[in-house]
Every structure is written in C-alpha cells, then in structure tokens.
Amino acid sequence: MSMDALARLREWIEPILQNKYSRVGFFIILFIVALAIGAPVIAPKHYAEVDPQNRLQPPSLQHLFGTDELGRDVFSRVVYGARIALWVGMLVVFIEAAIGVTLGVLAGYYGGKVDKVISAVTDMVWAFPPLVLALGVVTLIGPGLVNVVTAVAIVSWPTFTRIVRAKVQSLVNREFVLAARAIGESDLNIMLRYLLPNVIPTIIVIAALSIPSAILSTTALSFLGFGAQPPTPDWGAMVSNGMPQLPRAPWVSSFPGIFIVITCLGFNLLGDGLRDILDPKLKV
Amino acid sequence: MTDPLLRVVDLKTYYRTSAGLVRAVDGVSFEVYKDETFCVVGESGCGKSTLALSIIRLVPYPGEIVGGKIIYRGTDLLKLPESEMRKIRGKEIAMIFQNPMNSLNPVFTIGFQIAEPPVIHFNMDGRSAWRRAVELIGKVRMPDPEVRARNYPHVLSGGMRQRSMIAMMISCEPKLLLADEPTTSVDVTVQAQLLNLLMNIKRERRMSMVLITHNFGLVAEVCNRVAVMYAGKIVELGPVREVFRNPVHPYTRGLMKCLPIGTKRKEQLYVIPGQPPNLIEPPPGCRFHPRCPHAMEKCKKEEPPLTEVEPNHYVACYLRR
Amino acid sequence: MTVEGLRKYFPVKKGFFKKPDWIRAVDDVTFQVFKGETLGIVGESGSGKTTLAKLILRLIDPTTGKIYFDGTDIVGVSKKELRKYRRRMGIVFQDPSASLNPRMSIEETLRRPLIVHGIKDREEVRRRVLDILQKVGLGKEHMKKYPHQLSGGQQQRVAIARAIILNPDLVVLDEPTSSLDVSIQAQILNLLVKLQHDLNLTYIFISHDLLTVRYVSDRIAVMYLGKLVEIAEADELFYNAKHPYTATLLSAAPIPNPEVRYVKRFSLVRGEPPSPINPPPGCRFHPRCPYAISRCRTKEPVLKDVGGGHYVACHRAEELDLSEYTSGLWKIITESRVS
C-alpha cells in the first residue's frame, strides 16, 4: 500500500520537475517548508528572545540578518515566520476553496435560479476592492491572525466559484453525467462522484495560484497592524515594525520582505507549472 | 502515362513525443496525375492526415518530415525555403480541412477571406478581389452571394461554411486540391451536394485532387485511384474499380468485408480481430501480421514491398493469389 | 412501449423584451416499440432524434405527450417511481470517451448502477460486474483501469455493459458506432446483435448511417425536423421508400461500390435541412421536395398506413414511384459481397 502511495507521489512529482518553471517553484516551496518544519533547529535563537544590548545590529556572522529594535535575531524571526506564512496561506485558501467550490458546483450543476442567486452574490463580493473589504471585516470582528485569515478568505472565494462554475457547466452536459442520471444517480452523488473529481485538478491549480495573494493580503493587513500581534514573527508585521528604522537599519524590514517575495514567486511558478500539467486550457 | 503532377517518394514524417518517436508516415510513395482524383483511405491514426499536411509542409509540432521527396511539377518541395513554399500554398496546392469552423477566421467576413488569397498571390486590388469573391460564392452555389459575402462564418450552416472554404481554396486556381475528410462533419444530404460541387469544380478547372477519408463509400463514389493506408504505410494502391473488384491485401479485404452490406439483417459480420497498432513500436515485418488471418512466418520478420500484381495495381503482401 | 403525441419545444431567447421562439425539436411523434425488436430511427442533425432518445429515458421532460412503458405512463410518475423504470432502461451514447467518467475506474463505473438500485452485497456486485464484462468481451484485467487507458472500442463495450448490467428491457442506442473506425464498428455491431439475442433486449437504435441502421433494425422510422415522416419494416423501407425525404436520404448515401456512382442518383437532393426554429408550414419537407404540390405548402400530412405496417406522412405517397433513386443502394445491400 505504501509502495503504491509512493508510486503515485512520483507520478505527481515527475512532471513538476520536468517543467522548468514548476521545478524552480517546487524547490523554493520545498525550501520554505524545510525552514518551517526545522525552525527550532535552524534558528539560532527563539523568535521572541529579546537582547537589549544588541539592538539594530547589522548583519554579521552572529546575526545573519542583523537584529531589530529590541535586539531580536531577524534571521530566527524570518525562519519562524515561514511557519506562519505557510499556515496562513494554506488556511486562507482552504476556506476559500470550501466556500468557492461548494457554491461553484451548485451553481454550475443546477443552473437557473440557483445559478442566478449564487452568481449575483459572487459578483457583489467580487466588485469590492478586496483589501478594503477585508479591512472592513477585520474592524468588525477585531484584530488577530485568525480573524485576518477569516477576513481574507471571506473576500476572495469568488475566484474559485467562477472558475469551478464554468468548469462544471462544461461538464454537466457531457454524456457521462447524462449516463449517470440515466442509471438513477441522485443529484448529490452526481456532484460528488462525477463532477467534483473532474474539477479537482482545476481546484489544485487555482489553490496554488491563490496562496500568494492570500499571503500578500494577510501580510498587508498585518503590516497595517490588524493581524498578528507581537511578538508573533509574522513577515508582514516585521516589515511594518522595521519601517521607522528603515534609513538606519534597512535589514529589519527588507529580509522578511524578500522572503514574502520569494515565497509568492515560488507558489506562482509552481501553480503555473501545475496548470500546464493538469489543466492546460485554464487561464486564471 | 504522362508525367505526374505530384510525386511523393519514400516520405517519412515522425512526431517526437515524450512517449517516443511516432512514425505517422513511414516510407510512403505514390503519384498523382493531372485531372485525377486520388484517394487515401484508412482508419484513424493510420497517418493519412499527416500525409496530407506533409505535402504542403504544415506538419504541426512536434512532427517533422525526416526523409523522402515531394516532387511537384519537377521541384522538390522539401528543398524549397519557407518563403518559396508560401507561394506554393494556396496558389498551386490548396487544402480543405475537416472542420470548416476551425479553418475560417471568425472575425472576418467570408467575402473578405475569399478575396484575400488573390490579393496576396496576384497583387489583385481589393475591389476586383471582392467582386471575384462574390462571383466565387455564387460558383459554389450559395444563394444570394452578395449577402453571403458580408456574413461572418458563425452565422452560416456547416455546409455553407464548407462551401465558403471551397471558394476560398479555389480562388487562386490551384492545380492540386488536398481535401482532408471534407464532408465528415456534415449531414449525408449536404455531403452529397458538397461532393458533387467539388467534382464539378475539379472537372471545370482541370484540377487534381487528393481526397483523404475513412469512408469507403466516398472512395467508391468519387475517386480514380485509391491508396489504402495502414499504420503509416500504403498496403494497397490501384485503380478504384480494380481495388474494389479484386482487393488483394488482407487488410483491404477485411475492411470491405466488415461493412454491413451484402448481409442479411443481424447476420454475423466479418471482423478484423484486434486493434490498429500504436505507431511508436509498430510490429516488425508486415505491420498487419498480428491481425492477419493468413500471416506466415515470413510476414513476422520481413516487411513486404509494394509490388505490382496486376497492371497499375500494387500490393504490399507476400500472399499473392 | 408506446409513445403518443410526444412534443418537446425548447425556448430560444431572442432578446430581453421579445417573446421567445420555440425550437420544435420533437413535434407530435407517435410510435410503438415491440418487445424484442430493434426500432431504428434515422434522420439528419436537427431532426430531433437525440432529443427523442433523451425524452424516452426521461432525461428531459416532454412539453406534452405520453410515454407508456409496459402500460404505465411514465411522464407523470414521481421521482421515486421513475427510478423503478430507469432500472429497466439503459442508454449508450455516441462518443464513448465522453460517456464514461474519466475519474472513475471501470469497476466503479459498473458498480454504480447496482449500488444505486440497492444491490449492496459485495460478493454479488463483484460477481455481476465480472459477468457483465465477460458478456461484452472484456475481462477481469480491465476492472482496475480508467477510461483513458482503453481504446475507443473497449470504452464503448464498457458503456454497453453499464447500460445492460441491471438487466433492462429497453436499451436506447444513440449513434453507438458513429465515432468508431470501420473495423471496430463491425465488432460492436456483432456484440449488440448477440446481446439482444441472448438477453432478449429491445433496442431503439438511433443513427444517421443508413447501412448500419438497416443492418440492426427490424423496423425503421425516419425523422425530419422533429416529425416522423415514414416508418416501415427495415427492408421494406429500403426497397420501397414512399416518402421523398426517405428517398433523398437513400440516394445521398455514399455506396461502397464504384460501379454505381453518385452523380446519377444525385438529382433528388436539394438544399440544406432548415433550422427547426419556425419550420416551414404544411409538409416540413416541401421546400426541398421536387414533388411538392400546392397542398403540401398548406396542409400538414399525417402518417397513413399504405399496407403491411408501412406508414408514410406524404400527400402523394400512393402515386410516387421513387425506386429509381433507391434501387442502387438496395442492389448493393443485397448483392455486393467480397468473397
């Protein structure tokens, strides 16, 4: 059984490695994941360890990325921050997908009034500038990382709905769906057993491509002070904290900033590669 | 016989795919004479469409012509630079595809598209090219040519689109028309009319035609000579009456026998066992031998050459009657 | 099974304020299918033959009309009741690659009908799946495969297996061989004929290919623009076509014999099938019919018995002799044979 799973995993990874872009993306993500998992081992200090003697030290062998205004090791904070970035990105996308896919499948399958209502709601949410809407939601439910995640997910699921709905619409008239109805399958079964499995490659692609914007939105909110509260090593919050020292100690803001960019780039490349592999016709 | 208009010698077109080298056309030779209709018949995946695309050098990536000659009126098309080849396409050799919706540009009127080739090839001025387009639309028997010329492809029916395609293709008076399954996507009554139109135009303009099809009915209806393709090779070639009256290759015979004609209703039909081979690793020897009821030891090892069994009737099979 | 006055109109919106037009896809169609027979339905695209197939299986709801299955009208029945009838009907579509769920193994595809209809015992399910695979000429080795790993012919065998695994009485075959190669077509036709014989199935065989339809059918119905124009015993229809449209179809079919060529028979074919939106008044075929008289333009002909269960909807059915157009095909069907 495990051999089987291993073989399956290889089947997935091999095409990713064959594609130039997704290969780069894959290794970047692998690197970030390694940082996240191995944080206690890799990071020389704990992320919250304050050292008032060594404030705003420039990068050196001892402090690879320098220290911040409280003397905390920026490198350690960045490494621990990978955990938060990944966790936040995936959680946001998971919630988005849960809302978006459900609505998309329902709209695509039933059509008619159901479709009209769902599409109207989707368009309404889509029409708001996402960050402004998310800000609104956070002000309503209060600051905090979990609340930021919820807020970002609530404003950005329409991507999933739109693409999944279109995909389902193209599948619903395929003959295998008709055949399923002809053998007496229930609506729920048709959606779960016939439509959903055929949409999953698409969902994976959109998910991979949505993670960067999820990370960016949450970091943006954290940057504005709504997200992670100190001393949580959130990259967005770190960039924000380093801002006043920017002329004197640029390393405090720039290293977490660089990691935000690298991570987003990694997911984008991986997503593009996955799209070529899984769903060449999809253009997000 | 006179010199052939087109002579294809030992043509090889392969696709380099990630799964391996697909030998879609693997050593095909034949001639097309003036005024004749030459049919290439075979099942899907036998390489017949690739053959047609090879002749006008439009084989899509990752396909590539790897060997052979295509001699059109004395010049080897495979040796021409792309710029010269462009002058041949449309003007000397034109091609009609199976799906007219994909071959017509949806954002231009059909009149514009029919007028365009003469502007490119003969530097004809726009106004007279348009007049000619309207004339051609009438020629392919579409009602109200003036109106039709201003239509966009999507408002036309399948048959009308294929007619406009024909008008476009004959606008430069090509000498050779390649038609790849031109009637597969239309209804039988429309098919009959399109074929009749094609044959009339062909006769009037003294064109030669290469018709690619899977339908033995069409072969019998319109062509002079026929080549039967199997797994990238021609297995039988000859005058159409001769091939239908006296098919020699077991594959040709099998295809003709398995049609539901000449049988009582619900009577067991003859069946060619198995499936066509994949062209990455075709069987050694004669490619048909795993499905052939008469296969001998020799067929498994050596590839039978195309040899003349009757005057002008060629067969690639060791089993000759 | 009896179909009575079946109609299906689809609305076509032309604009927000305009009233919709109606596509009369199936318009007042009445016929019967007898147990154990094959009823062939031929027609060109837009004739409504596929809509008819979907109506019969109640995959779409008819606008009006009745469908009696074993004496019960299944148009009015509840969803639950309908399921009972679904069990007794199967359908096979044209394109086997589109009619199988690409993400479902062959085994699962064949298990679904059994499970949906309450057969839950694992041993029994397995046994029946194996049994049906064998019947359609596949084996155990195909169970774990996915549709894309099979050839077109094998996929169609799976689709047939799915249609008959519940031991239905009626199977609707919608162009089951049209997308297959000639050599594979013969294999599938043989299989269908054998299954019908072994399992005592009733077929409705829909196709545009006249030679195939004549081969499998006991009776053939010809459709034009949503209307039934002629219905007769299969060989009778080919030998003695009475409706000019039937004769047109027969004369347009390419015949695989170079001794009898098109061009001579061709004179009957005129124009293209018009759109089923706002079909012509009177006889719908009259604009393309060389025999049309003034009555055909105004009065719609009804199906009349011309003897021996041969029904024609044509005002001039009795007086026309169309054999010169159809004899060529008939001759080939009965005579030509490669030895």
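A note on names: the letters A, B, ... follow the listed sequences, proteins ahead of strands, and every chain is numbered from 1.
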Pick one of side chain, backbone, both or neither for [X], based on which atoms fall under 4.5 Å of a heavy atom in chain B.
{"X": "C:Asp218", "answer": "both"}
{"X": "C:Val216", "answer": "backbone"}
{"X": "C:Leu211", "answer": "both"}

Once you round to the nearest 0.5 Å, how far does [atom1] of [X] lie from [atom2] of [Y]?
{"X": "B:Gln268", "Y": "C:Asn190", "atom1": "CD", "atom2": "CG", "answer": "4.0 Å"}
{"X": "C:Glu44", "Y": "B:Gln191", "atom1": "CD", "atom2": "CD", "answer": "10.5 Å"}
{"X": "C:Ile255", "Y": "B:Leu259", "atom1": "CD1", "atom2": "CG", "answer": "12.5 Å"}

Original post:
Of all of B:Leu255, B:Val271, B:Val240, which one pairs up most often with chain C through heavy atoms under 4.5 Å apart?
Top reply: B:Val271

For [X] and [Y], work out which heavy atoms get closest and say how close.
{"X": "B:Arg241", "Y": "C:Pro258", "value": "NH2-O, 3.7 Å"}
{"X": "C:Ser183", "Y": "B:Glu43", "value": "OG-OE2, 2.7 Å"}
{"X": "B:Pro260", "Y": "C:Tyr215", "value": "CB-CB, 3.7 Å"}

Original post:
Taking every heavy-atom pair that is under 4.5 Å apart, which of C:Arg214, C:Gln154, C:Gln196, C:His208 has the most such pairs with chain B?
Top reply: C:Arg214

Original post:
Is there a donor in the side chain of B:Thr189 and an acceptor in the side chain of C:Arg288, or the other way round, less than 3.5 Å apart?
Top reply: yes

**OP:** Start with the C-alpha distance between C:Val193 and B:Arg265, add both sets of side-chain angles, then the distance that settles side chain to side chain contact (heavy atoms under 4.5 Å, CB included), and finish with yes or no.
**Re:** CA-CA 10 Å; C:Val193 168; B:Arg265 290 188 300 104; over 6 Å; no

Atom [atom1] of [X] with >12 non-hydrogen neighbours under 6.0 angstrom:
{"X": "B:Lys139", "atom1": "NZ", "result": "no"}
{"X": "C:Gln149", "atom1": "CD", "result": "yes"}
{"X": "C:Glu141", "atom1": "CD", "result": "yes"}

**OP:** Could you check B:Val222, B:Asn215, B:Leu195 and say which one makes a side-chain contact (heavy atoms from CB on, under 4.5 Å) with C:Pro254?
**Re:** B:Asn215

**OP:** Report yes if the side chains of B:Lys266 and C:His197 come closer than 4.5 Å at any heavy-atom pair, otherwise no.
**Re:** no

